[in-house]
Amino acid sequence: MEVESKTTRQKPLIVREYVIKSKLGGGCFSTVWKAQHIVNGDQVVAVKQVHLSRLNRHLRTCLDCELNFLSSVNHPNIVRLFHVFRDKDCIFLVLEYCSGGNLASYISQHGRVQEQIARRFMQQLGAGLEILHSHHIIHRDLKPENILLSGTEEDPVLKIADFGLSRSVNPGEYAETVCGSPLYMAPEVLGFQSYDEKVDMWSLGAILFELLNGYPPFRGRNNVQVLKNIKSSTRLPFSKVILPGLNPDCVDMCLKLLSLNPGWVDRLYGFHLFSW
Ligand code: ATP
Ligand code: MG
């Protein structure tokens with residue numbers, strides 16, 4: 001089973017019982033399609049086509065285990081994985097369709113958001129992460145492009161997406177590819193050190209910072225530059241316009257989540273602030 005080749009303009013592309021409608025996104029390892037159930041047209045899903053040739057055999061096995069687990073997760077802040085189809089070249093993940101697009105587009109449309117909205121978003125992401133971490137799943141590449149929006153535009157529900165794959169790839173290879181932005185990656189991932197789930201706490205801190213300020217805390221064209229900027233920074237570059245209006249606990253949360261090694265305890269402590 002595969003995305004059927006386009007022989008005529010009229011012939012629909014089919015993956016099992018889903019008709020492919022349009023492309024939603026794609027990166028180095030995959031292409032994501034919007035699709036509709038052949039019989040029940042109301043059932044709209046996203047089909048993620050993962051190109052296996054880009055993962056080695058060991059990594060495919062890891063991916064299999066993780067996908068098996070993820071198909072059993074049903075949490076409002078984690079994108080649902082309904083089915084997994086395999087063929088010799090690809091894995092197709094049939095996912096819950098999120099009509100609100102990704103958080104990167106949301107931020108570029110809305111700019112920085114009110115503190116109350118940032119808090120609500122953090123609570124949702126924290127709730128999703130807590131589930132992943134309680135099952136020892138580390139995302140490792142949490143960033144606005146990998147967070148999807150569902151629900152209404154006024155009150156969106158955030159969903160963590162694109163997990164599993166990032167961890168299945170050698171950290172060095174991943175950070176050095178042009179696939180992803182390193183702006184939200186923890187210093188220990190950028191520096192190819194061993195890491196644990198606290199790397200996701202760092203990414204949450206970077207996302208919270210960007211939601212509040214409208215720009216990310218550390219910049220750089222590649223992982224080496226971002227890491228250099230993280231290590232040389234003496235304070236977080238909060239916007240002078242918004243800083244006076246922020247609640248101290250919100251600033252504190254950014255500081256804790258974005259704490260460098262040996263600030264491990266701080267990042268975990270930051271996590272507990274999700275009960276704000
Ligand atoms: P990889 O880097 O592993 O190749 P990727 O980054 O291309 O993966 P995703 O992050 O899962 O793959 O998806 C890319 C984009 O496609 C998302 O940023 C989002 O815009 C869109 N997308 C993905 N999944 C969905 C979904 N379930 N509903 C709606 N849009 C989605
Ligand atoms: Mg992605």
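Source: prediction; values computed, not measured. Just follow the structure's listing: the first ligand is 1, and inside any ligand the first atom is 1.
Residue-level check: among N/O/S atoms of D162, OD2 sits closest to the Mg ion (ligand 2).
Interface of G25 with ligand 1, defined as ligand atoms under 4.0 Å from a residue heavy atom, comprises 15 (C), 16 (O). Distances below 4.0 Å separate heavy atoms of L148 from the following atoms of ligand 1: 19 (C), 24 (N), 25 (C), 26 (C), 27 (N), 28 (N), 31 (C). Counting the atoms of ligand 1 from 1 in the order shown, those under 4.0 Å from a heavy atom of Y97 are 28 (N), 29 (C). Interface atoms of ligand 1 facing E145, defined by a heavy-atom separation under 4.0 Å, are 17 (C), 18 (O).
Of the N or O atoms in C98, one or more lie within a sub-3.5 Å distance of an N or O in ligand 1. Checked against a 3.5 angstrom limit, the closest N/O atoms of S30 and ligand 1 fall inside it.
Proximity of a side-chain donor or acceptor of Q124 to a complementary backbone N or O of L158 within less than 3.5 Å is detected. Looking only at distances, a side-chain donor or acceptor of E115 sits under 3.5 Å from a matching main-chain atom of N247.
For Q225, the CD atom counts as densely surrounded, since its 6.0 Å shell holds more than 12 non-hydrogen atoms of other residues, nucleotides or ligands. More than 12 heavy atoms of other shown residues, nucleotides or ligands fall within 6.0 angstrom of atom CD in Q43.
The aromatic rings of F238 and F209 sit tilted relative to each other, their planes meeting at an angle between 30° and 60°.
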H133/D200 under side-chain hydrogen bond (donor to acceptor under 3.5 Å, both in side chains): CA gap, chis, key distance, verdict
CA-CA 9 Å; H133 288 176; D200 290 339; 2.7 Å; yes
If you apply the rule ring pair (Phe, Tyr, Trp, His ring centres under 6.0 Å), what do you find for W33 with F92, and how did you get there?
CA-CA 10 Å; W33 310 92; F92 295 93; 9.4 Å; no
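Among the atoms of D141, no N, O or S atom falls under 2.8 Å of the Mg ion (ligand 2).
Using a 4.0 Å cut-off between heavy atoms, V32 contacts ligand 1 through its side chain alone, with no backbone atom that close. Only the side chain of A46 comes within 4.0 Å of ligand 1, counting heavy atoms alone; its backbone N, CA, C and O stay farther away.
Residue G26 places a heavy atom under 4.0 Å from ligand 1.
Nearest to atom 9 (P) of ligand 1 by heavy atom, out of E96, K48, K34, is K48.
Separation of the F121 and Y106 ring centroids falls under the 6.0 Å cut-off.
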